[in-house]
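One-based numbering, in listed order, for ligands and for the atoms of each. Note: hydrogens, waters and symmetry copies are ignored here, and every other heavy atom, side chains too, is used.
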Amino acid sequence: MWERLTEVTANFPGDARVYLAQIGPSAPSLAEASILSIGERTRAEVFELPFLRCRFMWRRILLRTVIATRLGCQPDEVDLQSSSMGRPFVAGAEFDFSMSHSRDVALITVTSGCGRIGVDIEAVVAIPDQEQIAEIAFTTHEQSELRRYDLSSEAFYRIWTCKEACLKAIGTGFHLDPRAVDIGIVDLAAPTVRRAPRSSRLSLMCFEPTNGYTAALALRQ
Ligand SMILES: CC(C)(COP(=O)(O)OP(=O)(O)OC[C@H]1O[C@@H](n2cnc3c(N)ncnc32)[C@H](O)[C@@H]1OP(=O)(O)O)[C@@H](O)C(=O)NCCC(=O)NCCS
């Protein structure tokens with residue numbers, strides 16, 4: 001399974017390890033699919049479109065593969081659970097992990113020890129209703145920053161990926177109003193967290209994991 005995974009090398013916060021995963025287009029074999037839990041197989045059935053079902057199965061198979069290596073067990077032995085808000089976890093693990101996908105690639109990140117991690121990856125494509133999305137999901141400060149960058153896709157995705165990575169590190173995802181996290185992009189290459197709930201101390205890093213994609217990683221300590 002590791003042939004589908006490539007490590008992304010950079011100075012990630014908290015010495016996190018980041019893996020880029022290929023999650024398409026072929027379906028997993030029966031042996032590969034048998035790694036999944038009954039719950040994951042049931043979730044996979046919900047996807048009516050085969051390519052979406054395959055992507056889900058692959059990202060779970062590969063997430064299990066990475067975690068199993070960290071735990072020193074087999075992928076099907078990983079007791080992968082989800083919080084009530086959808087945050088995946090392994091009870092009792094001394095490390096944290098996060099996963100994100102966009103189209104047929106995924107990012108899987110694992111911390112070396114302390115801290116809660118969140119990752120987000122997005123394919124950089126023009127979004128026709130970008131301004132309307134920003135009006136709903138961005139703070140007034142983020143919206144004015146976006147205008148300062150002439151509503152560029154680069155600035156939009158920078159704020160979006162950082163925000164989503166932070167919401168995953170906090171553990172709520174979009175169960176929390178995305179405007180609760182305020183991202184500063186004075187320097188597009190080095191975004192900052194201007195405000196976050198629950199006294200979260202968040203370190204951020206953005207990077208380009210592969211051509212045409214942008215990503216952000218947040219570490220909560
Ligand atoms: C977390 C969330 C922001 C990611 O959505 P996305 O951009 O479509 O998908 P990504 O590939 O980047 O991330 C999906 C992964 O994030 C992780 N995740 C899900 N909820 C999470 C949470 N609360 N905290 C941290 N990580 C979470 C899971 O690993 C998930 O993978 P899975 O589908 O295999 O379980 C989104 O799923 C969410 O918040 N969902 C809950 C709220 C909701 O459904 N609202 C409805 C309308 S907005």
Side-chain angles (χ1 to χ4, degrees), residues 4 16 18-24 28 33 35-47 49 51-67 70 75 78-90 93 95-111 115-125 127 129 132-138 156-181 183 196-198 200 202 204 206-207 209-210 213-220:
R4 284 180 175 262
V18 177
Y19 302 92
L20 181 70
Q22 298 303 324
I23 54 168
I35 288 173
L36 299 173
S37 67
I38 293 169
E40 287 167 327
R41 279 180 240 174
T42 308
R43 258 189 85 186
E45 308 265 307
V46 174
F47 294 93
L49 295 174
F51 78 98
L52 291 180
R53 190 182 317 128
C54 287
R55 284 179 185 173
F56 171 75
M57 291 169 87
W58 272 121
R59 60 185 199 251
R60 282 300 178 125
I61 291 169
L62 295 168
L63 178 63
R64 284 177 169 276
T65 300
V66 171
I67 297 172
R70 188 74 169 71
V78 175
D79 182 16
L80 195 53
Q81 302 180 37
S82 287
S83 74
S84 58
M85 293 191 189
R87 185 176 215 277
F89 68 96
V90 172
F95 58 89
D96 193 34
F97 57 90
S98 181
M99 201 272 302
S100 174
H101 83 288
S102 180
R103 300 186 168 191
D104 55 2
V105 296
L107 280 180
I108 296 167
T109 177
V110 188
T111 58
R116 291 292 189 92
I117 204 152
V119 74
D120 187 49
I121 181 170
E122 301 290 343
V124 181
V125 288
I127 310 178
D129 48 358
Q132 287 88 323
I133 296 173
E135 274 168 24
I136 297 165
F138 288 7
F156 175 85
Y157 280 113
R158 186 68 80 231
I159 296 172
W160 183 269
T161 53
C162 287
K163 195 181 277 293
E164 204 171 308
C166 288
L167 292 170
K168 286 185 179 177
I170 293 167
T172 57
F174 285 137
H175 286 277
L176 184 69
D177 184 334
R179 292 167 298 185
V181 174
I183 303 294
R198 306 184 186 180
S200 307
L202 289 152
L204 265 184
C206 57
F207 57 106
T210 186
Y213 289 81
T214 188
L217 187 145
L219 183 74
R220 182 187 182 203

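- Contacts of ligand 1 (protein heavy-atom distance under 4.0 Å) are R43, F56, R59, R60, M85, G86, R87, P88, M99, S100, H101, D120, E164, K168, G171, T172, G173, F174, H175.
- Using a 30° and 60° split on the angle between ring planes, F95 and F97 fall in the tilted class, from 30° to 60°.
- Applying the salt bridge (Lys or Arg N to Asp or Glu O under 4.0 Å) rule to R103 yields no partners; only residues at least two apart in sequence or on another chain are considered.
- E40 is linked by a salt bridge (Lys or Arg N to Asp or Glu O under 4.0 Å) to R60, R64, counting only residues two or more places apart in sequence or in another chain.
- Two residues are said to be in side-chain contact when any heavy atoms from C-beta on lie closer than 4.5 Å; F156 and I127 meet this criterion.
- Side-chain contact check for E122 versus E164: some heavy-atom pair is nearer than 4.5 Å.
- Residues forming a salt bridge (Lys or Arg N to Asp or Glu O under 4.0 Å) with R87 (at least two apart in sequence, or on another chain): D96.
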